[in-house]
Chemist: 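Structure incoming, see below.
Each chain gets a letter, A, B and so on, in the order the sequences are listed, and its residues count up from 1. These figures come from a predicted structure and were not determined experimentally.
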Amino acid sequence: MEVKENIETDEQADVLGEDDKDSDRAKWYTQTILQTELADYSPVKGCMVIRPYGYALWDNIKNALDKMIKDTGHQNAYFPMLIPESFLTKEKEHVEGFAPECAVVTHGGGKKLDEPLIVRPTSETIINYMFAQWVQSWRDLPLLINQWANVVRWEMRTRLFLRTMEFLWQEGHTAHATSDEAEEEAKKMLEVYRTLSEEWLALPVLTGTKTDRERFAGAVRTYCIEALMRDGKALQAGTSHFLGQNFAKAFEIKFQSQEGQLEFAWQTSWGVSTRLVGAIVLGHGDEKGLILPPKIAPVQIVIVPIYKTDADKTTVLERSNAIASELKAAGIRVHLDDRDNHTPGFKFNHWEQKGVPVRLNIGPKDCEKNVVEIARRDTGTKTRDVSQSGLSEYLTNLLDEVQKAIFERALNFRKENTHTIDTYDQFKDVIENKHGFVEAYFAGSSEDEGKIKEETKATVRCIPFNQDHPEGKCFYTGKATKIKAVFARAY
RNA sequence: CGGGACGUGGCGCAGCUUGGUAGCGCGGUUGCUUUGGGAGCAAUAGGUCGCAGGUUCAAAUCCUGUCGUCCCGACCA
């Protein structure tokens, strides 16, 4: 990896700089991911290889979320990747939404299959087919299932992590006795996603409802979390769907209620994917590379030893190892970079690009004084002469502080880049020149949304919850409404 | 799938216009000197120029096709 040269190539001092072109930002994104070894291109078009550093990041996200999913009463299970083609066609909207992007297996064992199998683009159909067999009585409900899986969607245009043909995700699927309970479930899981995003990924998100145009194919309502990236574009970071009885009717998930009636179950589904890794890259990164939130960073602390003589080397490495062990014992993910083929300066830059939240420099002078130097990735500040005693407590606190600081930074960024407008002219001006979120009274139809998208490339990201506005005038139609929507150009 | 750019040692690129048998920087290896912000010197290894056809005495270079990547558009987690 030739870091120096590439950093100099990517001279975007500010990722959101007014002079930056979209293509420069796109390049920054791709280059950063390749250089920091989060991922690599695969021999198959549109697919990617998630490298160990990227997978470690995903693993940490996954573990945090998995615990939350289990804590809210769900169980993990696994359903097959191959689904009979006929299953997909059972729900009308669903098939219309997904059929065009399905990979289809037509041959197996050297023979043409009687019925083609589709590679799951999502698992509603096969899971609900099974649910129908498992649900008989109200006592079988709620049925709360999650699966960690890969899915395939034949995308036209792909981008590392943000949109690949195959991606990893979790998909929750639940069945309930009542509409209210399913609604509550869908909203509860959206809250889980919000917690994951804000508390773990340090990315503030808007929560709200999708418009019909953006709704999941087959859902009654789609809720979402929407994040703002540092280039001013929005990213849908997760969705939670209230499916009503659409799939229950298609797959005959019926149960006998306490009153003895045969009723269709009410359902939800919800998912987040490896796209979250892309969200972290674009949501926190700067001109130096990644900035990873401590809670999910594969390496939280990197130790860079500094020495000249062999004697110094021995002393410094001994201290470094001792500190590394102490930090590890305190539950900190620490890495000692004891490579002797690189200078300290190289290592500083290397780990900064990789987004390690905190670096610890230790040299002969520090060893004499029993101190270390500590450098923060997010602010770039260095603190000298931090005592080696009580270091694990100091660093645990510092990591918490960094976690909060980068969340605050992202939150401030979002505030600064959320604009309120009243007219379509203002709308166009903000979308074109300022980027970010646009908040406005909106009472338009799906067709109006389509026209706005055509003219400005901006879409309704969500109708935020907590609408509490006096009546205003829709910026597009002029109609009176109390609803404000949030628009942006999105990934 | 349309428009544009690109594909040459591991990485970044030059060479192509005007065909003549491949070069630079970084990285790798070895040795010595270095090491508190991307080290220096020396030696050394590494490429049938994306792939397939064609033109030619001769193709990285010209022609056709194809595959892939990136950017821009239509579709989407």
Chemist: Need the pair for A14(B). Rule: Watson-Crick or G-U wobble, both distances under 3.5 Å, any strand; none if unpaired.
Modeler: none

Chemist: Given the P atoms of C71(B) and U35(B), what is the spacing between them in whole Å?
Modeler: 43 Å

Chemist: Which listed nucleotide (G37(B), U69(B), U35(B)) is nearest to the side chain of Y307(A)?
Modeler: U35(B)

Chemist: Which part of the nucleic acid, if any, lies within reach of P364(A) when heavy atoms closer than 4.0 Å are counted: base, sugar-phosphate only, or nothing?
Modeler: base

Chemist: Please give the distance between the C1' atoms of U44(B) and U48(B) as a whole number of Å.
Modeler: 23 Å

Chemist: Ignoring the backbone of F346(A), work out which of G38(B), G73(B), C75(B) is nearest its side chain.
Modeler: G38(B)

Chemist: Rounding to a whole Å, what distance do you find between D312(A):CG and U35(B):P?
Modeler: 10 Å

Chemist: G36(B) P sits how many Å from I362(A) CD1, rounded?
Modeler: 16 Å

Chemist: When the distance from NZ of K347(A) to P of A39(B) is rounded to whole Å, what number comes out?
Modeler: 11 Å

Chemist: For G28(B), give its Watson-Crick or G-U wobble partner with both distances under 3.5 Å, or none.
Modeler: U44(B)

Chemist: Under 4.0 Å between a side-chain N/O of R159(A) and OP1 or OP2 of C71(B), yes or no?
Modeler: yes

Chemist: Tell me if the centroids of the rings in F487(A) and F442(A) come within less than 6.0 Å of each other.
Modeler: yes

Chemist: Could you work out the separation of C11(B) and U17(B) based on their C1' atoms and round it to a whole Å?
Modeler: 28 Å

Chemist: M48(A) CE to A77(B) P: how many Å, rounded?
Modeler: 18 Å

Chemist: Rounded to whole angstrom units, what separation is found between the NZ atom of K313(A) and the P atom of U33(B)?
Modeler: 13 Å

Chemist: Indicate the ring-plane relationship of H335(A) and W351(A), choosing parallel, tilted or perpendicular according to the 30° and 60° boundaries.
Modeler: tilted

Chemist: Quick check on the 6.0 Å ring-centre criterion: do F251(A) and F131(A) meet it?
Modeler: no

Chemist: State the pairing partner of U21(B); accept Watson-Crick or G-U wobble contacts with both distances under 3.5 Å, and report none otherwise.
Modeler: none

Chemist: Give me the ring orientation class for F346(A) and H350(A): parallel if the planes are under 30° apart, tilted from 30 to 60°, perpendicular past 60°.
Modeler: parallel

Chemist: Could you check which of A77(B), G37(B), U69(B) has an atom nearest any side-chain atom of R359(A)?
Modeler: G37(B)

Chemist: Choosing from A39(B), G28(B), G37(B), which nucleotide comes nearest the side chain of N341(A)?
Modeler: G28(B)

Chemist: Report the residue (K382(A) or R213(A)) whose heavy-atom-nearest nucleotide on RNA chain B is the more 5′ of the two.
Modeler: K382(A)

Chemist: Starting from C1' on C1(B), measure out to CH2 on W154(A) and report it in whole angstrom.
Modeler: 15 Å

Chemist: Between U69(B) and U8(B), how many Å separate the two C1' atoms, rounded to a whole number?
Modeler: 15 Å

Chemist: If pairing requires Watson-Crick or G-U wobble contacts with both distances under 3.5 Å, which nucleotide is the partner of C1(B)?
Modeler: G73(B)

Chemist: For the CD atom on Q75(A), are there more than 12 heavy atoms of other groups (residues, nucleotides or ligands in this structure) within a distance under 6.0 Å?
Modeler: no

Chemist: Under 6.0 Å from the ring centre and within 45 degrees of the ring axis: does the NZ or CZ of R153(A) meet both conditions for the six-membered ring of F98(A)?
Modeler: no

Chemist: Please measure how far the C1' atom in G23(B) lies from the corresponding atom in G15(B), and state the result in whole Å.
Modeler: 8 Å

Chemist: What nucleotide, of U69(B), A77(B), C75(B), holds the atom closest to the side chain of Y41(A)?
Modeler: U69(B)

Chemist: Can a side-chain donor-acceptor contact be found between Y491(A) and D231(A) if the only test is distance below 3.5 angstrom?
Modeler: yes

Chemist: Atom CG of L160(A) to atom P of C71(B): distance rounded to whole Å?
Modeler: 9 Å

Chemist: Which nucleotide wins on minimum distance to the side chain of I306(A), given the candidates A77(B), C75(B), G36(B)?
Modeler: G36(B)

Chemist: For the side chain of N349(A), counting heavy atoms from C-beta on, which of G37(B), C71(B), G36(B) is nearest?
Modeler: G37(B)

Chemist: Scan every strand shown for a Watson-Crick or G-U wobble partner of C6(B), both distances under 3.5 Å, and answer none if you come up empty.
Modeler: G68(B)

Chemist: If you check the K457(A) side chain, which of G36(B), A77(B), G73(B) turns out closest?
Modeler: G73(B)

Chemist: How far does the C1' atom of C32(B) sit from the matching atom of C16(B), given to the nearest Å?
Modeler: 42 Å

Chemist: Please tell me which of the listed nucleotides, G37(B), G36(B), G73(B), lies nearest to the side chain of E352(A)?
Modeler: G37(B)

Chemist: Return the nucleotide paired to U56(B): Watson-Crick means purine N1 to pyrimidine N3 with N6-O4 or O6-N4, wobble means G-U with N1-O2 and O6-N3, both under 3.5 Å.
Modeler: none

Chemist: Using a heavy-atom cut-off of under 4.0 Å over every strand shown, decide if E155(A) touches base, sugar-phosphate, or nothing.
Modeler: base

Chemist: Calculate the interatomic distance between E101(A) atom CD and C75(B) atom P; express it in whole Å.
Modeler: 12 Å

Chemist: In this structure, are over 12 heavy atoms from other groups packed under 6.0 Å from R339(A) atom CZ?
Modeler: yes

Chemist: When the P atoms of A22(B) and U18(B) are considered, how many whole Å apart are they?
Modeler: 23 Å

Chemist: Looking only at side-chain atoms of T343(A), point me to the closest of G37(B), G38(B), A77(B).
Modeler: G38(B)

Chemist: Hey, does T164(A) reach any base, or is it just sugar-phosphate, or nothing, if we go heavy atoms under 4.0 Å?
Modeler: base

Chemist: What contact category does F216(A) fall into here, base, sugar-phosphate, or nothing, at under 4.0 angstrom with non-hydrogen atoms?
Modeler: nothing

Chemist: Using atom P in both nucleotides, what's the gap between C57(B) and C67(B) to the nearest angstrom?
Modeler: 31 Å

Chemist: Specify the residue among D340(A) and G380(A) whose closest nucleotide of RNA chain B lies further upstream toward the 5′ end.
Modeler: D340(A)

Chemist: Describe the nucleic acid contact of L235(A) in one word from base, sugar-phosphate, nothing, applying a heavy-atom distance below 4.0 Å.
Modeler: nothing

